[in-house]
Amino acid sequence: MALIDVERHEIRERMMNDLQRALKKPINKRHWAMVIDQAKCVGCTACTTACVAENHLPPGVVYRPVVETEVGKYPNVRKTFLPRPCMQCDDPPCVKVCPAHATWKRPDGIVEINYNRCIGCRYCISACPYSARTFDKGFFYTDGTPEIMDYEKEPSFEYGREWPRRNRETSPIGNARKCTYCIHRVEKGILPACVTTCIGDATYFGDRNDPESLVAELLGSPRARKLREEEGTKPTTTYLV
Amino acid sequence: MKSTIKGLVWIIAVIGFGVGLYGMFLRFTTGDRLTDYGSYIPWGLWVAFYIYFIGLSAGSFLLSTLVYVARIEKLEKIGKLALFTAFGCLVAALLSIWMDLGHMARVGNVLLHMNLSSMMSWMGILYSSYFGIVIIELWFALRSDLVKTAKTGSGGSRTLARLLSFGSSDISAEARAADHAKLRVLGIIGIPLAIAFHGGVGALFGVIQARPHWNTPLMPITFLIGALASSGALLTAVVYIWGPDKSKEQLNDIMRFLGKIVLALVLFDFLLEISEFLIGLYSMVPAERLPLEAILHGHFWYVFWIVHLLIGVVIPVIILFARAVPKGRPDKPAGGLIAFACLLVAVTFIAVRFNIVIPAQINPEIPGLQYAFSGPGLKFTYLPTTMEWLVSTWVTSFGVLLFLIGEKLLPIVNPEHREAA
């Protein structure tokens, strides 16, 4: 915690500036990274909800659940929280197994899915050691009510394209889906939804290739850990424990 | 007796086809929404049926090479039957995995946008090549009989034979010898192909490091042994019901021979299973241990203990030991019981396939993930829904009907003629 010697309002300002600097560089010179401080996370799940709202996620699709772990026995119980976005691995097992080249690692570090090419075989879901991919079966929250509400049919803007849900057949329905680090926002100079809504500023975002950026600084912390590093996936998302 | 069994199979297949149509209707109108697989357990019943059918197919094909490559005289007359069984199972397999795709119309992307680091792309390549070999080999195996049927047959068989002989008319001894030579070459190409195809599907699971229960180098071997055991059993039952039975002694001989092969394969498969359980249960790693514990004493313990172990191993092994391994009276007819034992092995093998696919996925990769967010498919339990069972019923019935119709119309079995050199 001593690492962050900045006031709270300065954290966001700094991340926004980091973002602007990164966007001026060519895409292959920047590498987006997320750092999550578990000591600051209170488990409010504001990030989960913001993510669902931002990406118009239907029932059964979640990009950033917050996993709670209870330690100790009642009445001496403590809880730890683990927000779990996509790890945007540098060696992503999901990319390796995709039979249709429908998912790949971008030069800026994001693992992207081409929803229009994905065949919905779910091999990537099986292969992800973080369960970070979920399957969009085509449900609506207003299923079973007299009318599917229009707001559920509004498009999401993943990967900078429009993905409306006008019917139950067209992509992203029938596809594997996952956290995109809100790249559609980031490329417009806006921080990911989970970062801006975090009530404790526990999630940081920026360009890890920029030594001046906040994330680059935090990645050097002795508290920095990757999830299931033994898998050899080289995750980008990093936790401060 | 045999005609009663044949009639019964027809009735079951037609009913299955009809009832299953409702499942297909639901599959095409409601997509994946009525299924129980989802995000944390992404693969379910249809994947299990897929590996079950390709196992039956690859195994039947490999057994057909005993005729066309190894030229085991005893089995000459069942070569075409084995090939045609391989074909029927392969079609059912394709249908099963096709139903499983979230975007069925994009199945071609597996070949169009091939990713050679994906075992599923390899599966697509090997499946297509293997399918080609089976079709071509089946044609050469049937060619001379098709020509004859086109000339002397009657009704639908004659029309179909004319159509399928593609203008070929030479049935001289030289032409048939040339067919046999081609069959041998095709069989020789087919052996490594069938092994690569089915072993490759084992590897498709074996390479998934995230699921330690699958992630073993023995996976392709387990798949192949299982394929040979289940298909050997299926073929033995098929031979008894639909095979050449002009000479009772000869049929008895074939049944005993196949019965012994099946017995050895079932026992070898069981040995692999014992090894897998003993090593796996010694482990403290939850991802290794939990799937095995779920198989042995989870909610669906009976799939292993009753369906697989009792009906699929113990009873058939006892029968096969008693009937296929001759003691005292080797000439005593034993075909019916051997066929029954083999049918038990073949049918219950779906339990083995089910226990490969599902339990490996029940261990949460991140403990507590199932409580973090709720929604359809966000759970680590799985029970196939009625719709899933109906679709699998339709797919199975389709394969069986394809076999039954083919067996009726095509010269798959010709008691008058020996087919291999």
Side-chain angles (χ1 to χ4, degrees), chain A residues 45 48 52 57-62 64-70 82-84 93-102 114-139 143 168-171 173-177 227-228 231-233, chain B residues 29-35 37-44 47 97 100-124 204-205 207-211 214 287 360-361 364-380:
Chain A
T45 69
T48 314
V52 169
L57 300 184
V61 178
V62 61
R64 192 185 159 103
V66 178
V67 182
E68 292 187 15
T69 310
E70 221 171 71
L82 180 96
R84 202 257 26 233
C94 52
V95 167
K96 207 170 167 186
V97 300
C98 176
H101 275 306
N114 179 347
Y115 289 145
N116 286 333
R117 188 183 283 182
C118 167
I119 64 171
C121 69
R122 311 184 295 287
Y123 199 9
C124 56
I125 303 181
S126 274
C128 174
Y130 309 100
S131 293
R133 289 181 172 228
T134 48
F135 183 52
D136 188 341
K137 284 182 156 189
F139 286 109
D143 270 338
R168 295 189 195 255
E169 284 84 39
T170 46
S171 290
I173 291 167
N175 293 132
R177 302 180 65 175
L227 202 56
R228 301 186 69 177
E231 294 282 329
T233 50
Chain B
T29 51
T30 64
D32 294 292
R33 294 193 301 288
L34 294 179
T35 60
Y37 58 74
S39 295
Y40 297 159
I41 297 196
W43 287 343
V47 174
I97 204 65
D100 192 67
L101 293 184
H103 280 279
M104 292 164 67
R106 295 183 193 162
V107 63
N109 284 2
V110 174
L111 293 175
L112 281 175
H113 303 287
M114 203 178 284
N115 174 10
L116 292 182
S117 71
S118 167
M119 278 316 296
M120 202 178 282
S121 280
W122 279 104
M123 191 178 83
L204 188 151
F205 290 88
V207 297
I208 300 296
Q209 194 183 305
R211 318 272 178 177
W214 287 338
Q361 305 175 76
E365 287 162 328
I366 294 174
L369 185 63
Q370 67 271 43
Y371 308 114
F373 198 78
S374 62
L378 298 178
K379 61 192 179 66
F380 287 93

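Throughout, a chain's letter reflects where its sequence line sits, starting with A, and its residues are numbered from 1.
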B:P364 versus chain A, the contacting section by heavy-atom distance below 4.5 Å: neither

Just by modelled atom types, is the B:I366 backbone N or O under 3.5 Å from a matching donor or acceptor in the A:R84 side chain? no

Flag the pair B:M120 / A:C121 as yes when at least one side-chain heavy-atom distance between them is below 4.5 Å, and no otherwise. yes

Nearest heavy-atom contact between A:A127 and B:A210 is O-CB, 3.4 Å

Of all heavy-atom pairs between A:S131 and B:L369, which one has the smallest distance, and what is that distance? CB-CD2, 3.3 Å

Within the distance-only criterion (no hydrogens, no angle test), does the side chain of A:R117 pair as donor or acceptor with the backbone N or O of B:N109 below 3.5 angstrom? no

Find the distance between CZ (B:R33) and CD1 (A:I173) and round it off to the nearest 0.5 Å. 8.0 Å

Would you mind telling me which of A:S171, A:A102, A:G60, A:P93 has the largest number of heavy-atom pairs within less than 4.5 Å of chain B? A:G60

The reported gap from CD1 in A:I125 to OH in B:Y40 (rounded to nearest 0.5 angstrom) is 10.5 Å

Indicate the atoms forming the closest heavy-atom contact of A:G174 with B:H103, along with that distance. O-CD2, 3.4 Å

Donor-acceptor contact below 3.5 Å, side chain A:K137 vs main chain B:Y37: yes

So, B:R106 side chain and A:C118 main chain: donor-acceptor pair closer than 3.5 Å or not? yes

Under a 4.5 Å cut-off applied to non-hydrogen side-chain atoms, are A:Y123 and B:L204 in contact? yes

Locate the shortest heavy-atom distance separating B:G38 from A:F135; write the atom from each residue and the value. O-CB, 4.1 Å

Using heavy-atom distances under 4.5 Å, tell me whether A:N116 contacts chain B through its side chain, its backbone, both, or neither. both

Check this for me: A:K96, atom NZ, are more than 12 non-hydrogen atoms of other residues, nucleotides or ligands nearer than 6.0 Å? no

Determine the minimum heavy-atom distance between B:P42 and A:S126, stating which atoms define it. CG-OG, 3.5 Å

Quick check on B:W122 against chain A: is it the side chain, the backbone, both or neither that has a heavy atom closer than 4.5 Å? neither

For the interface with chain A, which of B:G377, B:P376, B:A372, B:G375 has the highest count of heavy-atom pairs at distances below 4.5 Å? B:P376

Where does A:R177 contact chain B at under 4.5 Å (heavy atoms): side chain, backbone, both or neither? neither

With a 4.5 Å limit on heavy-atom distance, are the side chains of B:S118 and A:P99 in contact? yes

Which of B:Q361, B:R211, B:Q370 touches chain A most, by non-hydrogen pairs under 4.5 Å: B:R211

In Å, rounded to the nearest 0.5 Å, how long is the span from CD of A:E169 to OG1 of B:T29? 9.5 Å

Given B:T30, B:V110, B:V107, the one with more heavy-atom pairs under 4.5 angstrom with chain A than any other is B:V110

Contact between A:V97 and B:I208 at the side-chain level, heavy atoms closer than 4.5 Å - yes or no? yes

Need one label for B:S374: side chain, backbone, both or neither, based on atoms under 4.5 Å from any heavy atom in chain A. neither

Taking all atoms of both residues into account, what is the closest heavy-atom pair of A:C98 and B:N115, and its distance? O-ND2, 2.7 Å

Highest number of heavy-atom pairs under 4.5 Å with chain B among A:A176, A:G232, A:P58, A:C128 belongs to A:C128

From the options A:T45, A:V52, A:V66, select the one residue that forms a side-chain contact (heavy atoms from CB on, under 4.5 Å) with B:F373. A:V52

Part of B:L378 within contact of chain A (heavy atom distance under 4.5 Å): side chain

Going by heavy atoms in the side chains, are B:D100 and A:R122 under 4.5 Å from each other? yes

